[in-house]
A.B. asks: 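Provided herewith is a single structure, encoded as structure tokens, for subsequent inquiry.
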Protein chains: 2
Amino acid sequence: MFHTSPPYAIRQENEVAEPKTLVEAAYRSLRRNIIEGRLSPGEKLRIEHIKNDYGVGGATLREALSLLTSDALVVSQGQRGFRVAPVSLEDLADITETRVMLECTALRQSIALGDEAWEAELTAAFHRLTRAEERLAEGNNREQWEERNRIFHEVLIAACPSRWIKHFLSILYHQAERYRHLSLRRSEGTRRLHDEHAALFEAAMARDADTATHLLGEHIRLTLQSVSLDNASTASH
Amino acid sequence: MFHTSPPYAIRQENEVAEPKTLVEAAYRSLRRNIIEGRLSPGEKLRIEHIKNDYGVGGATLREALSLLTSDALVVSQGQRGFRVAPVSLEDLADITETRVMLECTALRQSIALGDEAWEAELTAAFHRLTRAEERLAEGNNREQWEERNRIFHEVLIAACPSRWIKHFLSILYHQAERYRHLSLRRSEGTRRLHDEHAALFEAAMARDADTATHLLGEHIRLTLQSVSLDNASTASH
DNA sequence: TTTTCATCATTTCTCGATATTTTCCTTGTG
DNA sequence: CACAAGGAAAATATCGAGAAATGATGAAAA
């Protein structure tokens, strides 16, 4: 439904399909490794060393790293190679507030413009997320929950007509995801995550934009407030 | 002043210095050519054909094109090469409204937080812009005006602490710039551009955030409202 | 005439090799 | 002992050639 082919193709939106090129495959693989913390912030990415891990040539890996630069997951300095982007509490705060602003704007528009099909999508996404939340308590179905949580948030703002807002949000979502993975995740579980989602869902379905955006803002802030960075992973130059 | 080295390097912000690598040089050169309309929307970019124009090898040019993909100035589809991104009125409207939202937010923060040094910078930038506007009426010092106009807008929001907002704005600014170049530019000159800038400057210096953001919003909307797309350059699939 | 299919030319994508730059270590000097 | 200079080692950035994919052309069948 919300993957209609865009007039211009912003990269992140095309990611449902299989990777068609090796560059694309390496890009995604690297991105997952950075977001999920298998590559540490600040770590040097020596092309000669890691090209074997991804089974590609130097130029190809280089291009993938260049692409990650645009997502601010990798930094490159002139003639001195690539590194995993550093992290900092300031950056985290910035990401959070910018995301709150954009996502609330998008949600407001989505609530105003969403039709019946949107309601149906949203209900389905909420249902799947609920199931995943139940399972999350038991085993470690974290991956599935992560996926469905992302989709729930995407569907919430799906009826917002602005491609640019959605594009920026998807970049910020990846950033936030990384911080979540890097955190020690102590306070997780004490939160009543499902209640937050349920209230948000109810408000959206009731077309109560004020309540919904308020809940969403607090939800995003809480999610990232529970992040506390390990000293070891904090930016060092 | 506002080019302090960032904790993480978002690409656009590092562009004051000379290009250090061939990729960087090709990237900038291509970007100028797209923004200034020498490469038309939808045009196919065959690597073998144009690599000589930029004096680089295939892989290097490829990487530069990949980078432009992230700015949505170039689109790439799977195994079918690169094209200059198409344009459309919907996209233009989206860019404009997203930019208004982000730039007004940034301006509000900048007005709240800007110190004396910021005021000085702003005054200087306004002065330079004024001079350029005078010259614009005479000859075609369009390039200089374009530069100083950009800097004036940058300085206005320089005291906003959010790197992410500034990053997104710089992407949108490039997009808007392209549309301005593509337009037939009929109504330009009828506008009292300098008056708009002057009022905006006064409001910012007076720390009147409400008035300033209102003026800025109208200013951005007017700038892009005067754009009318040539049929020939409109998106075709 | 229209559709289908095979073949071929064009273009994209990828890799290994090479030249250039940076980094690190050793050595000499104030 | 600190510090600068020089050189070796490592890593980066780049190129040109080869493998894979596209879509264009034209012949055969419906």
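Remember, predicted model here, so these are calculated numbers, not experimental data. Residue numbers begin at 1 in each chain, while the letters A, B, ... track the order of the sequences.
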A.B. asks: Below the 4.0 Å mark, does C:dC15 have OP1 or OP2 next to a side-chain nitrogen or oxygen of A:Thr60?
C.D. replies: yes

A.B. asks: If you pin A:Gly55 and B:Gly81 to their nearest nucleotides in DNA chain C, which one's is more 5'?
C.D. replies: B:Gly81

A.B. asks: Check every nucleotide of DNA chain D for an atom under 4.0 Å from a heavy-atom of chain A, then give the first and the last such nucleotide from 5' to 3'.
C.D. replies: D:dA11 to D:dT14

A.B. asks: How long is the line joining CG of B:Leu45 and C1' of C:dC13, in whole Å?
C.D. replies: 16 Å

A.B. asks: Taking only residues two or more places apart in sequence, or in another chain, which ones meet B:Glu36 in a side-chain contact (heavy atoms from CB on, under 4.5 Å)?
C.D. replies: B:Arg32, B:Arg38, B:His181

A.B. asks: Please list, chain by chain and in numerical order, all residues satisfying salt bridge (charged side-chain N to carboxylate O under 4.0 Å, His left out) with A:Glu119, sequence neighbours excluded.
C.D. replies: A:Arg207

A.B. asks: Give, for atom CD1 of A:Ile50 and atom NZ of A:Lys44, the distance between the pair rounded to the nearest 0.5 Å.
C.D. replies: 10.0 Å

A.B. asks: Taking only residues two or more places apart in sequence, or in another chain, which ones meet B:Glu146 in a salt bridge (charged side-chain N to carboxylate O under 4.0 Å, His left out)?
C.D. replies: B:Arg142, B:Arg180

A.B. asks: Check the distance between C:dA9's P and B:Arg46's CZ and give it to me in whole angstrom.
C.D. replies: 18 Å

A.B. asks: Does a side-chain heavy-atom distance below 4.5 Å link A:Tyr173 with A:Arg99?
C.D. replies: yes

A.B. asks: What residues form a side-chain contact (heavy atoms from CB on, under 4.5 Å) with A:Ser162, not counting sequence neighbours?
C.D. replies: A:Cys160, A:Trp164, A:Ile165, B:Asp94, B:Thr98

A.B. asks: Set out, line by line, the N/O atom pairs under 3.5 Å between protein and nucleotides 16-22 of chain C.
C.D. replies:
none

A.B. asks: Could you check whether atom CZ of A:Arg128 has more than 12 heavy atoms from other residues, nucleotides or ligands sitting under 6.0 Å from it?
C.D. replies: no

A.B. asks: Between atom CG in B:Leu65 and atom P in C:dT11, what is the gap in whole Å?
C.D. replies: 15 Å

A.B. asks: Just the rounded figure in Å: distance from P of C:dT12 to NE2 of B:His49.
C.D. replies: 8 Å

A.B. asks: Mind calculating the distance between CG (A:Leu61) and P (C:dC13) to the nearest angstrom?
C.D. replies: 17 Å

A.B. asks: Quick check for you: to the nearest 0.5 Å, what is the distance between B:Phe168 atom CZ and B:Leu102 atom CG?
C.D. replies: 8.0 Å

A.B. asks: Specify the separation, in whole Å, of atom CD1 of A:Ile47 and atom P of C:dT14.
C.D. replies: 15 Å

A.B. asks: What is the ring orientation for B:Phe152 with B:Phe126, classed by angle as parallel under 30°, tilted 30 to 60°, or perpendicular over 60°?
C.D. replies: tilted

